[in-house]
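Proteins get letters first, then strands, A, B, ... in listed order; numbering begins at 1 in each.
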Amino acid sequence: MVVLREGMCPGLDEDVVRDLLEDLVASDTEELAQKCSVSYKALLAIRRVLLAQHTAFPVSGLDLYEELVSSTAILSTSIPSLDKLLDSGLYTGEITELSGAPGTGKSQVCFATATHTAHRLKQSVIYIDTTGGLSATRLLQMLQVQTDETGEQTEALQRIRVFRVFDIFSLLDCLHGLRCGGLQQASLGGGSVKAVILDSVSAIISPTLGGKQNEGMSLMMQVAGTLKTIAKDFNVAVLVTNHMTRGPGGEPQAGLGLSWSHVPRTRLLLERSDGAGPLLGSKRTATLVKSSRRPCHIKAEFDFNRGSRPEEGLLGGVRVRDGSDP
Amino acid sequence: MKPLSAAPLSPSVKVKLLRAGFDWEEELRGLEPLELSREGGLSLEEALEVQQILTRGVEQPGGGGLTALELLQQEERSIVTFCSQLDALLGGGVPLGRTSEVCGTPGVGKTQLCLQLCVDVQIPECFGGLGGHAVFVDTEGSLVVQRVVDLAQAAVHHCSLQDHDPEQQEAMKTFTMETILEHLHLMRCHDYVELLAQVHLLPDFLVRHSKVRLLVIDSLAFPFRRHFEDLSVRTRLLNGLAQQLLQIASQHSVAVVWTNQMTTQLVPVLGETPGHRAARGLLVPALGETWGHWATQRLLLHWEGPHRLASVFKSPNNMESSVSYSITQQGFRDASSSLSESKQPSSSLSESKQPSSSLSESKQPSSSLSESKQPSSSLSESKRPRMQEGQ
């Protein structure tokens with residue numbers, strides 16, 4: 001419920017506010033008029049303005065489509081098979097989630113997306129690191145595979161802005177800061193911010209869940225809400241990582257439970273492939289678990305080797321050669 | 001406008017404020033505590049606290065963050081392990097500002113590695129060390145001082161062989177076994193409550209002892225493997241603890257290392273006839289699969305025949321791979337003699353499949369090493385976090 005303040009709309013001055021109850025809109029206007037000694041006509045006007053101010057603005061499907069065509073961008077993850085799975089990449093305005101067991105490459109995909117966006121697309125990236133797992137050395141390695149120019153590498157690194165937060169309140173603070181201007185500010189240094197990466201969301205939320213506390217749920221939904229607002233309002237792609245748990249039958253499923261599962265628009269589950277081969281351990285399988293564009297439960301395999309030098313062929317970081325350069 | 005429901009206030013206070021019609025933090029800001037307590041139905045103390053928390057939030061905003069370039073300039077320093085192959089595997093050693101987990105079965109050398117790090121972190125800067133102090137949180141009573149003395153003497157001896165310039169000779173005067181012991185802060189925790197309390201107080205301790213560069217918890221798993229009936233409480237406590245450790249590592253630029261025990265997980269074998277339930281045991285790190293997300297890098301120490309192997313199986317910037325090591329009188333060292341090591345650093349892969357080769361290796365470490373290993377085989381040996389038990 002919103003507290004009424006003077007000056008919120010014409011006709012609502014100090015005296016009126018003092019007399020009015022908060023549930024102005026809900027109560028019977030005639031009764032209210034008698035109670036507060038405000039004229040019936042004034043009350044009706046106030047009520048109409050308030051309703052108009054707080055209601056959602058209807059948009060036609062055509063407008064929406066035009067907006068989509070003109071402003072949506074698709075960011076490549078720089079891994080061709082993942083891009084295919086995601087219907088060519090991460091869509092701006094949406095939340096995409098990667099989940100998987102430890103060491104399945106969630107952070108590596110985040111690094112690859114960040115460097116690709118910063119270097120190839122020349123756009124800024126916000127990277128919120130909640131596990132201390134962001135390694136700038138690794139980012140540099142990936143950039144070195146893509147370009148030999150030190151200047152370009154430096155520029156790309158400058159386009160990646162890193163926030164380190166270790167508890168949920170600082171995360172909310174940080175997201176709030178981004179929402180109120182931080183995003184525009186971060187874009188001053190170069191291209192506009194096109195991606196917000198949160199690695200990992202479970203690390204920050206899981207300490208508030210469990211036991212008999214239920215405030216964690218409310219905080220989790222706050223995070224979800226803010227992320228969605230950021231994704232929509234600023235038209236950025238949001239990429240979050242989540243851990244993996246086991247369902248009752250031992251099958252892998254993403255963490256944080258059912259309520260969180262409604263938050264991301266697209267979910268991928270990463271697993272190690274147990275295949276033989278000279279590079280056992282660097283192959284990963286991604287399964288599409290939730291998507292509004294592609295059939296679910298399709299799989300793709302990708303490979304990354306943590307080599308650092310380009311002459312290692314396709315191993316250069318996550319594979320970078322793809323045909324979809326801007 | 002910042003929603004009040006996201007503010008770091010206690011749930012009961014929050015509920016009262018929300019019920020009184022306050023939705024946004026900004027609405028509270030202009031109010032006097034007295035006013036707030038009347039309007040919000042809070043006690044005066046609560047109202048004062050609310051105001052304090054909210055002003056603190058305004059004074060210390062999250063900051064603008066860092067660019068990855070600035071971050072790159074901060075990264076790099078790490079603590080050597082004295083096992084050159086393991087150092088290479090870890091990209092120079094155990095990194096500062098990050099968390100590392102060491103898992104392994106009893107007796108494989110987890111504590112030895114921790115003690116070695118406690119000594120190595122103190123190597124003076126002119127020898128390429130960090131000249132820092134160490135904190136050792138002992139939950140199992142596994143710290144043997146005599147062993148630290150051994151390691152310290154070996155490290156001092158090692159450095160004294162290399163003091164060529166006057167600066168190093170000067171540094172050697174203050175790098176002795178006594179000073180090493182003096183700069184090792186030991187904390188003994190008997191159960192999880194003590195451990196949680198200790199970690200809670202650690203940030204203050206680290207502010208007072210700003211030279212501390214290494215925090216070891218040996219072992220983290222032990223206090224949490226008993227006394228818990230409600231596992232969800234355990235998970236919550238563990239997650240909170242891990243979050244604090246991450247924060248300590250990052251804010252005080254300390255390397256945080258904890259050890260974890262191993263446990264047996266039963267994995268059903270597919271393709272069996274129904275009714276006949278077959279399972280095979282896998283040795284996996286304790287504390288559950290989710291716990292594995294917390295450490296930035298994880299190291300598994302295990303036996304392979306007569307050899308001790310160290311495997312990195314989670315790391316953001318290093319290749320997953322295994323190397324062999326040994327534990328000697330002097331401490332944690334490379335598997336073979338230092339001579340053959342320096343010649344062939346990449347050959348360390350112990351492919352101990354045939355008993356005969358391992359025998360010959362133990363007799364003549366240098367020759368068999370250089371012959372029997374191909375560097376390429378090291379790739380195929382990349383470790384999986386699980387290993388088969390009981391063969």
### Query
Is it the side chain or the backbone of Phe111(A) that comes within 4.5 Å of chain B heavy atoms, both, or neither?
side chain
### Task
May I ask you to test the Leu69(B)-Thr154(A) pair for a side-chain heavy-atom distance under 4.5 Å?
yes
#### Entry: Proximal component of Ser202(A), with respect to chain B [non-hydrogen, under 4.5 Å]
neither
### Query
Using non-hydrogen atoms only, which part of Ile204(A) is less than 4.5 Å away from chain B: side chain, backbone, both, or neither?
both
### Summary
Under 4.5 Å to a heavy atom of chain A? For Ala242(B) that would be neither
### Query
Which is it for Thr245(A) and Thr290(B) under the side chain to side chain contact (heavy atoms under 4.5 Å, CB included) test, yes or no, and what are the steps along the way?
CA-CA 7 Å; Thr245(A) 56; Thr290(B) 316; 4.3 Å; yes
### Task
Measure from the side-chain N and O atoms of Arg161(A) to the backbone N and O of Ala68(B), and report whether any donor-acceptor pair falls under 3.5 Å.
no
### Query
Counting heavy atoms not belonging to Gln158(A), are there more than 12 under 6.0 Å from its CD?
yes
### Message
Could you measure the distance from the CG atom of Leu72(B) to the CD atom of Gln153(A)? Nearest 0.5 Å is fine.
### Response
10.0 Å
### Task
For Ser250(B) and Arg164(A), work out which heavy atoms get closest and say how close.
OG-CD, 4.0 Å
### Message
Do Gln247(B) and Asp167(A) have side chains that approach each other closer than 4.5 Å (heavy atoms only, starting at C-beta)?
### Response
yes
### Summary
When rounded to the nearest 0.5 Å, the distance separating NE2 of His243(A) from CH2 of Trp294(B) is 9.5 Å
### Task
Give a yes or no on whether the backbone of Leu134(A) and the side-chain of Arg98(B) come within a donor-acceptor separation of less than 3.5 Å.
yes
### Message
For Leu9(B), which atoms come within 4.5 Å of any heavy atom of chain A: side chain, backbone, both, or neither?
### Response
backbone
### Task
Could you tell me which non-hydrogen atom of Thr131(A) sits nearest to which non-hydrogen atom of Leu246(B), and how far apart they are?
O-CD2, 3.3 Å
#### Entry: Minimal non-hydrogen separation, Pro11(B) against Glu215(A), with atom names
CG-OE1, 3.5 Å
### When Gln244(B), Glu70(B), Lys14(B), Gln251(B) are compared by non-hydrogen pairs under 4.5 Å with chain A, the top option
Lys14(B)
### Task
For chain B, find which of Gly133(A), Ala118(A), Ser107(A) contributes the most heavy-atom pairs closer than 4.5 angstrom.
Gly133(A)
### Summary
Shortest non-hydrogen pair, Lys314(B) vs Pro102(A), comes out as CD-CB, 4.2 Å
### Portion of Thr296(B) that has a non-hydrogen atom of chain A nearer than 4.5 angstrom
side chain
